[in-house]
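Notes follow once the structure below has been shown.
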Protein chains: 2
Amino acid sequence: MRALEGRGGRTRSSLIYDTLREELLNGRFQAGEKIAISALKERYDVGLSPLREALNRLAAYGLLIQENQKGFRVPRLDRDELEDIAEMRRELEGMALVRSIERGDAEWESELLAAAHRLKRADECPEQVDEWEHLHGRFHRTLVAPCGSAWLLRFIEQLHDQFDRYRRLAPEAPEVRRVLDTQHGELVALALARDARAARALMDDHIQRSYEVALGSFGERPDA
Amino acid sequence: MRALEGRGGRTRSSLIYDTLREELLNGRFQAGEKIAISALKERYDVGLSPLREALNRLAAYGLLIQENQKGFRVPRLDRDELEDIAEMRRELEGMALVRSIERGDAEWESELLAAAHRLKRADECPEQVDEWEHLHGRFHRTLVAPCGSAWLLRFIEQLHDQFDRYRRLAPEAPEVRRVLDTQHGELVALALARDARAARALMDDHIQRSYEVALGSFGERPDA
DNA sequence: AGTCAAAATATAATCGATTTTTTACGGCAT
DNA sequence: ATGCCGTAAAAAATCGATTATATTTTGACT
């Protein structure tokens, strides 16, 4: 799989980083799995150095676990951790959304409408998952973009990535999906109406429902 | 400077990481400075691979900036960013403190008292800065430790590191320092009294004052 | 059979050298 | 003088091979 040829100003290391991040998010690696470095080396046809650098970055970011002298592992999926991630998302994205509503300008309103529209179009093509994921992430980023805090945005991004490891693994839930899709539009409406309180409440509910979908990644309740 | 010999289970990469992190926090590198990799290589007597891996991790963590094909740079100090960091510290540490007060058990109370006591002793030995920094960090970590969210703790740690880049560079402010030292004790008292609201308010004030001290890292107001 | 230790194997970490890209410099035309 | 192009030097990124550590296997002994 000679996937990393003819790049533009990018470094091998950064290309592998992006690729691996995407694959980790999409559950292409078994949770808890040990990373076989030389296998990846073959698979992407790169040297050890850029590969290891990418793995180091992913570990610092939290998408891998690094143990001295024992290489890298994919973090296990853990109910408590998912709950933690969801709870933090509610706190931080709620905070960011309120601030965005206070500070966002007319240009933001336009971009928000555009992002929501693109996402809505994608909602109707369930076959193009990658495209939908892309637009979905972009919509949520747009929503909180003008919050004014670079660090808050950074943390939110990181939490989204963590959350997506679970959500993308969960089975489809069409009824909830429809509600979630509707909420995207409602979030825009509340943002444009500058109703911070209601927007925050809706965001809370949106993340809570997503969390319940993501719980599906643990398989159908072995406790029932 | 053959500083990285005879290690115990640690990897060269992780040793350099710790060393560089510490030096970055202590302002041993000029803000905005370009990292001369081969100079560091000589200085710590290590190969390029572990050094670059450490730099990659530090960049992912936010203590360095990485630009494709242009190596690594120390982030500039920026008033707006410091404000952002302080604001986020107020939000996140406030949140974590409230939760700790709700959830912390008797063992936590003991450790908190111990940590505060150790810190107080160190307050009186202004010559042992490193020791004080160590105990200060530990005190603040203890304060929020039982908040129940690993991710919240992670973000707080990261923000502390960012904040310290500024604070440790700022000139001493003995009067404010005395107030801040006193507040550590008061925080413990409020935590033990389980007065979440007052504790949060005090933490807010504590961080705000620290922020004002840290502003000193920009030199004496060129705008006056 | 089960257990421990030593040897063998596999994997992680590191090094030294090479390749690629950027940056600095100097001539040349405008 | 100023700006552009090509070359030289420097630095970043990468590779291939080596060393160190962990894991597995083997085989003697209980």
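Since the structure is predicted, the reported quantities are computational estimates derived from the model, not experimental observations. To find a chain, count down the sequence lines: A is the first, B the second, and so on, and within it residues start at 1.
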Atom [atom1] of [X] and atom [atom2] of [N]: how far apart are they, to the nearest Å?
X	N	atom1	atom2	result
B:Leu51	D:dA12	CG	P	10 Å
A:Ile16	D:dC15	CD1	C1'	12 Å
A:Leu64	C:dA12	CG	P	12 Å
A:Leu40	D:dC15	CG	P	14 Å
B:Arg57	C:dA13	CZ	C1'	12 Å
B:Ile35	D:dA13	CD1	P	13 Å
A:Leu55	C:dA13	CG	C1'	13 Å
B:Asn68	D:dT14	CG	C1'	14 Å

Item to check | Greater than 12 external heavy atoms within 6.0 Å of B:Arg121's CZ | outcome: no
Checklist entry - Just wondering, are more than 12 heavy atoms of other shown residues or ligands nearer than 6.0 Å to NZ in A:Lys70? => result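 It does not: A:Lys70 NZ has 12 such atoms or fewer within range.
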Checklist entry - Which is true for B:Lys41 with a 4.0 Å heavy-atom rule: it touches a base, it touches only sugar-phosphate, or it touches nothing? => result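 No contact.
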Checklist entry - Which part of the nucleic acid, if any, lies within reach of A:Gln66 when heavy atoms closer than 4.0 Å are counted: base, sugar-phosphate only, or nothing? => result nothing
Checklist entry - Distance under 6.0 Å and angle within 45° of the ring axis: does A:Arg79 meet both against A:Phe218? => result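 Yes, a cation-pi geometry holds between A:Arg79 and A:Phe218.
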Side chain of [X] (C-beta onward), nearest among [options]:
X	options	value
A:Gln69	D:dA22, C:dT22, C:dT14	D:dA22
B:Lys34	D:dA13, D:dA12, C:dA13	D:dA12
A:Ser49	C:dT14, D:dC15, C:dT22	D:dC15
A:Leu48	C:dA13, C:dT22, C:dC15	C:dA13
B:Arg12	C:dC15, D:dT21, C:dT22	C:dC15

Checklist entry - Does B:Arg52 put a side-chain nitrogen or oxygen below 4.0 Å from OP1 or OP2 of D:dA13? => result yes
Checklist entry - Taking OP1 and OP2 of D:dA11, is either one under 4.0 Å from a side-chain nitrogen or oxygen of B:Ser38? => result no
Checklist entry - Knowing that exactly one of B:Leu24, B:Val74, B:Leu20 qualifies, which makes a side chain to side chain contact (heavy atoms under 4.5 Å, CB included) with B:Leu63? => result B:Leu24
Next on the checklist: Using 30° and 60° as the class boundaries, would you call the ring planes of B:Phe139 and B:His184 parallel, tilted or perpendicular?
Outcome noted: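 Plane angle over 60°, so perpendicular.
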Next on the checklist: Heavy-atom nearest nucleotide on DNA chain D for A:Ser13 versus A:Lys70: which residue maps closer to 5'?
Outcome noted: A:Ser13
